There are 2 protein chains.
Amino acid sequence: MSPHRPRLLAPIHRVAGLDYDVLDELLGYSLRRAQVALFLAFRDAARGSDLTPPRFTALVIIGANPGLSQSVLGQVLGIARSGAKLMTDYLEGRGWVERRRRNGDARAWGLYLTRRGQQFLERVKARVLDYDYRVVRKITLKERKELLRLLEKLSR
Amino acid sequence: MSPHRPRLLAPIHRVAGLDYDVLDELLGYSLRRAQVALFLAFRDAARGSDLTPPRFTALVIIGANPGLSQSVLGQVLGIARSGAKLMTDYLEGRGWVERRRRNGDARAWGLYLTRRGQQFLERVKARVLDYDYRVVRKITLKERKELLRLLEKLSR
DNA sequence: TATTGTTATACTCTATAACTATA
DNA sequence: TATAGTTATAGAGTATAACAATA
């Protein structure tokens with residue numbers, strides 16, 4: 001992904017008594033609104049950890065694909081190489097990720113979670129999942145599965 | 001809304017051969033991915049017009065609620081008053097919106113679409129709707145309604 | 001030549017805080 | 001005192017372009 005981007009610091013609430021016209025009919029806008037709700041859940045789950053959605057995504061991806069390069073990380077996040085570099089610097093600075101030289105190609109780094117990064121990710125992953133499901137308790141589990149299915153079809 | 005924010009300049013495609021781990025299970029991440037797809041549709045619909053999702057939202061809201069104040073516009077967009085001011089400046093600069101003094105309260109502006117703004121919005125609204133539905137042709141109309149229903153429940 | 005990472009720079013959007021003029 | 005809008009300033013995140021090292 002890329003701009004997980006709800007830079008949102010404050011919740012967005014529908015302003016009462018206002019006509020939202022065609023916005024209510026647009027899937028793009030509805031997704032936006034729903035995403036804000038999920039972002040707020042994420043923020044609760046990650047509170048006190050300095051973790052943002054892109055950072056979380058990066059950790060998960062590195063954890064599941066040890067040794068991947070910064071360029072590939074950038075592709076996943078949808079950002080330029082320069083941005084992937086800064087992201088990696090941050091994760092490394094927090095002691096969660098380390099760069100190792102790869103055999104075979106001395107240009108690229110291989111990215112790996114540190115022991116500490118693994119432990120941290122373990123905990124935060126559980127929390128994020130928990131909150132994600134919690135927000136979604138507004139719908140049934142069956143509806144959740146249906147929703148995931150439809151979203152998947154859309155983004156393909 | 002607020003940060004409709006996919007600042008996205010390039011499409012995001014799932015990187016082949018990579019393990020996305022728990023991300024596939026998270027509604028937050030799935031929403032993100034789907035939103036990118038809809039954002040790209042929006043960008044096509046609005047190409048050449050310098051319109052972004054927040055700007056589009058602002059025009060629609062002003063069009064449907066003539067005379068609203070900058071503060072309320074800010075609430076809808078989920079941004080601070082200072083940002084609502086800059087947004088209004090932009091829309092005014094494009095000749096789409098005008099500020100009029102309100103009777104009764106000399107502090108606040110009332111925002112209105114200009115004739116030109118109305119015409120422009122008319123056209124772009126049709127295009128955006130068209131593209132929104134087009135992307136969503138990947139799902140049936142019945143599925144679309146179900147999706148909207150579920151998203152609505154989430155963001156409430 | 002093409003690719004990976006790096007560096008420097010600039011831009012966009014947003015937040016915060018202080019200010020003014022009204023209410 | 002509180003509110004609407006304004007102004008100035010700063011920060012985060014990203015893009016672009018040029019560069020070095022390596023392929």
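Keep in mind that this is a model prediction, so the values were computed, not measured. Per chain, numbering begins at 1; letters A, B, ... match sequence-line order. Computation of the quantities below employed the complete heavy-atom set of this structure, encompassing side-chain atoms and omitting hydrogens, waters and symmetry-equivalent molecules.
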Heavy atoms only, 4.0 Å cut-off, all strands: where does A:Arg101 land among base, sugar-phosphate and nothing? nothing

How close or far is atom P of D:dG13 from atom OH of A:Tyr90, stated in whole angstroms? 9 Å

Check the phosphate of C:dC13 against B:Arg55, side-chain N and O only, distance under 4.0 Å to OP1 or OP2. Yes or no? yes

Given atom CG of A:Asp89 and atom C1' of D:dG13, what is their separation to the nearest angstrom? 14 Å

Please report, rounded to the nearest Å, how far the P atom of D:dG13 is from the CE atom of A:Met87. 8 Å

Per B:Ala106 side chain, nearest of listed nucleotides C:dA23, D:dT22, C:dT6: C:dA23

Check for a donor-acceptor pair, side chain of B:Arg149 on one end and backbone N or O of B:Arg144 on the other, with a separation under 3.5 Å. no

Given D:dG5, is OP1 or OP2 found less than 4.0 Å from the side-chain N or O atoms of B:Ser71? yes

Taking the nucleotide of DNA chain C with the closest heavy atom to each, which residue, A:Val72 or B:Gly83, is nearer the 5' end? A:Val72

Of the listed nucleotides (C:dA23, D:dT14, C:dT14), which one gets closest to any side-chain atom of B:Arg107? C:dA23

How close or far is atom P of D:dA12 from atom CG of A:Asp50, stated in whole angstroms? 10 Å

Under 4.0 angstrom between A:Lys85 side-chain N/O and C:dT7 OP1 or OP2: yes

Once you apply a heavy-atom cut-off of 4.0 Å, does B:Gly110 come out as touching a base, just sugar-phosphate, or nothing? nothing

Could you give the CG-to-P distance, from A:Leu73 to C:dT6, as a whole number of Å? 12 Å

Nucleotide nearest A:Gln70 when distance is taken to its side chain, options C:dG5, D:dA23, C:dA23: C:dG5

Using a 6.0 Å distance limit plus a 45 degree cone around the ring axis, check whether A:Arg101 lies over the aromatic ring of A:Trp109. yes

Distance criterion of 3.5 Å, no angle test: do you see the side chain of B:Arg81 paired donor-to-acceptor with the base of D:dG5? yes

Below 4.0 Å: OP1/OP2 of D:dG5 and any side-chain N or O of B:Arg102: no

Output field: ring centroids B:Phe42/B:Tyr131 closer than 6.0 Å: no

Which listed nucleotide (D:dT22, C:dC13, C:dT6) is nearest to the side chain of B:Thr52? C:dC13

Rounded to the nearest angstrom, tell me the gap between atom CG in A:Leu86 and atom C1' in D:dT16. 14 Å

Gap between atoms CD1 and P, on B:Ile79 and D:dG5 respectively (whole Å): 12 Å

Does either side chain, that of B:Arg137 or that of B:Tyr133, offer a donor lying less than 3.5 Å from an acceptor on the other one? no

Would you say the side-chain atoms of B:Tyr90 and B:Asp50 include a donor-acceptor pair closer than 3.5 Å? yes

B:Glu152 atom CD, neighbour heavy-atom count above 12 within 6.0 Å: yes

Tell me which nucleotide among C:dC13, C:dA23, C:dA17 gets nearest to the side chain of B:Ser82. C:dA17

In whole angstroms, how far is the P atom of C:dC13 from the CG atom of B:Leu91? 12 Å

Base, sugar-phosphate alone, or nothing: which one does A:Ala108 contact when heavy atoms must sit under 4.0 Å apart? sugar-phosphate

